[in-house]
Amino acid sequence: MTLTPRERDVLNLLALGLSNKRAARDLGVSESTVKFHVASLYSKLGVQSRAGAVARGIGLGLVSV
């Protein structure tokens, strides 16, 4: 499983607890784009929640908090 650079960016922002709206502002993209990346992360990481995505990302060494 490989994450795109933008998916990694979004995952890191999720780990910081940012909302989709705030993540979109920080990344300079629309909120819909962030939602798309979050959905893609859920699918690739096999999770159903933001917390699950962050936990899985930590477990895989993709995120450090």
Side-chain angles (χ1 to χ4, degrees):
M1 173 264 324
T2 303
L3 299 182
T4 67
R6 185 56 90 188
E7 288 169 341
R8 284 179 177 260
D9 292 341
V10 171
L11 183 57
N12 280 307
L13 294 177
L14 292 183
L16 293 173
L18 270 60
S19 66
N20 288 350
K21 186 174 187 174
R22 176 67 192 273
R25 192 172 14 152
D26 285 7
L27 295 172
V29 298
S30 72
E31 192 173 347
S32 326
T33 299
V34 171
K35 288 179 183 178
F36 173 81
H37 289 306
V38 169
S40 180
L41 283 168
Y42 287 4
S43 176
K44 287 183 177 184
L45 296 173
V47 299
Q48 297 179 11
S49 69
R50 296 167 86 83
V54 172
R56 183 91 166 115
I58 291 168
L60 293 171
L62 300 171
V63 175
S64 61
V65 288

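None of the values given here were measured: they were computed from a predicted structure.
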- Scanning both residues in full, the closest heavy-atom pair of G52 with V47 reads O-CG1, 3.5 Å

- Are V38 and F36 linked, directly or through other ILVMFWY residues, by side chains that come within less than 4.5 angstrom of each other? no

- Message: Here's a test for you: under side chain to side chain donor-acceptor pair (under 3.5 Å), which of E31, R50, R25 qualifies with N20?
- Response: R50

- Item | Point-to-point distance, once rounded to the nearest 0.5 Å, from CD of E7 to NZ of K44 | 3.5 Å

- With a 4.5 Å limit on heavy-atom distance, are the side chains of L60 and L45 in contact? yes

- Item | Pairing residues for R22 by the side chain to side chain donor-acceptor pair (under 3.5 Å) criterion, not counting sequence neighbours | D26

- Task: Working to the nearest 0.5 Å, report the span between OG of S32 and NE2 of H37.
- Result: 11.0 Å

- If you measure from CG on L16 to OG on S19, what distance do you get to the nearest 0.5 Å? 12.0 Å

- Do the side chains of V29 and R6 get nearer than 4.5 Å, heavy atoms only? yes

- Query: Taking all atoms of both residues into account, what is the closest heavy-atom pair of L41 and L11, and its distance?
  - Reply: CD1-N, 3.9 Å

- Item | Between CG on residue L62 and CG on residue N12, distance to nearest 0.5 Å | 8.5 Å

